Amino acid sequence: MDIEKRKFPRQLVSLSTNLLETETEKVLGDCILTDISKVGFAFESETSFHIGQKFSLELVILNQNISLSGKIVRICEGVFYQMYGVEIIDGDSKNLDFFRRYIDYSLN
């Protein structure tokens with residue numbers, strides 16, 4: 001079996017959450033996270049976004065509140081809706097070290 005090699009391996013997930021405007025925390029729309037890595041993630045959403053758009057989302061992993069800020073770097077067709085590739089913005093995210101340790105542990 002041919003295993004895909006990536007600089008930052010991804011963990012497949014299926015998680016529904018809201019996307020928030022970074023400054024006002026106004027809900028921009030909902031999404032389904034499809035995979036995550038230490039530096040980014042992908043999601044599908046029926047809401048339209050554009051490359052370079054910034055937003056945040058909140059997750060709870062192992063009773064830890066995690067806030068990830070990111071910007072859209074890629075847009076392509078998803079299974080149900082448009083799929084967006086996101087780069088995590090380190091300085092604006094909260095509990096990012098915990099999130100990255102969780103990803104490392106999940107992939108090993």
Side-chain angles (χ1 to χ4, degrees):
M1 180 198 288
D2 186 26
I3 297 176
E4 183 179 5
K5 298 287 183 187
R6 293 179 173 262
K7 183 176 179 181
F8 297 101
R10 299 182 293 178
Q11 173 69 39
L12 297 177
V13 297
S14 179
L15 177 67
S16 178
T17 189
N18 287 326
L19 299 169
L20 309 171
E21 190 173 86
T22 53
E23 292 157 5
T24 64
E25 295 190 1
K26 174 186 168 195
V27 175
L28 298 171
D30 59 341
C31 74
I32 300 170
L33 290 177
T34 59
D35 61 67
I36 53 179
S37 76
K38 292 176 10 176
V39 297
F41 53 90
F43 69 86
E44 290 188 23
S45 179
E46 60 185 330
T47 305
S48 293
F49 297 95
H50 57 83
I51 291 181
Q53 185 170 358
K54 295 181 180 180
F55 62 90
S56 64
L57 59 85
E58 295 185 0
L59 307 169
V60 177
I61 298 177
L62 299 175
N63 292 328
Q64 294 288 322
N65 292 325
I66 297 169
S67 176
L68 299 177
S69 292
K71 69 176 179 178
I72 307 285
V73 294
R74 181 178 175 182
I75 301 172
C76 59
E77 279 299 313
V79 176
F80 300 107
Y81 306 108
Q82 283 288 98
M83 180 177 280
Y84 299 92
V86 178
E87 178 183 339
I88 294 173
I89 301 172
D90 288 1
D92 296 339
S93 298
K94 295 179 179 82
N95 272 345
L96 188 55
D97 289 338
F98 178 84
F99 174 77
R100 288 183 171 154
R101 284 193 311 270
Y102 177 79
I103 299 299
D104 277 341
Y105 180 79
S106 296
L107 291 172
N108 291 325

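Source: prediction; values computed, not measured. All residue numbers in this chain count up from 1 along the given sequence.
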For residues 12-24, the side-chain hydrogen bond (donor to acceptor under 3.5 Å, both in side chains) pairs (sequence neighbours left out) are Glu21-Thr24
Is Leu59 close to Leu33 at the side-chain level, that is, under 4.5 Å between some pair of heavy atoms? yes
What heavy-atom pair brings Ile51 and Val73 nearest, and what distance separates the two atoms? CD1-O, 4.2 Å
Leu62 side, atom CG; Tyr102 side, atom OH - distance, nearest 0.5 Å: 5.5 Å
4.5 Å side-chain heavy-atom contact, Lys38 and Asp104: yes
Give me each pair satisfying side-chain hydrogen bond (donor to acceptor under 3.5 Å, both in side chains) with a member in residues 61-77, each pair once, sequence neighbours excluded. none
What's the spacing between Ser56 OG and Ile89 CD1 if we round to 0.5 Å? 9.5 Å
Member of Leu57, Asn95, Val60 meeting the side chain to side chain contact (heavy atoms under 4.5 Å, CB included) criterion with Ile66: Asn95
The reported gap from NZ in Lys54 to CD1 in Ile72 (rounded to nearest 0.5 angstrom) is 12.0 Å
Residues sharing Val27's hydrophobic cluster, by side-chain heavy-atom contacts under 4.5 Å among ILVMFWY, directly or via others? Leu20
Can you list every pair that meets salt bridge (Lys or Arg N to Asp or Glu O under 4.0 Å) and has a residue in residues 88-102, with sequence neighbours left out? Asp90-Arg100
Going from CZ on Phe55 to OG on Ser45, what distance comes out if it is rounded to the nearest 0.5 angstrom? 9.5 Å
I'd like to check the salt bridge (charged side-chain N to carboxylate O under 4.0 Å, His left out) partners of Asp35; sequence neighbours left out, ordered by chain and number. Arg10
Under 3.5 Å, which donor-acceptor pairs link side chains of residues 78-85 to any protein atom two or more places apart or in another chain?
residue: Tyr84; atom: OH; partner: Thr47; partner atom: O; Å: 3.2
residue: Tyr84; atom: OH; partner: Phe49; partner atom: N; Å: 3.3

Report the residue from Leu19, Val13, Ile32, Ile36 that forms a side chain to side chain contact (heavy atoms under 4.5 Å, CB included) with Phe43. Leu19
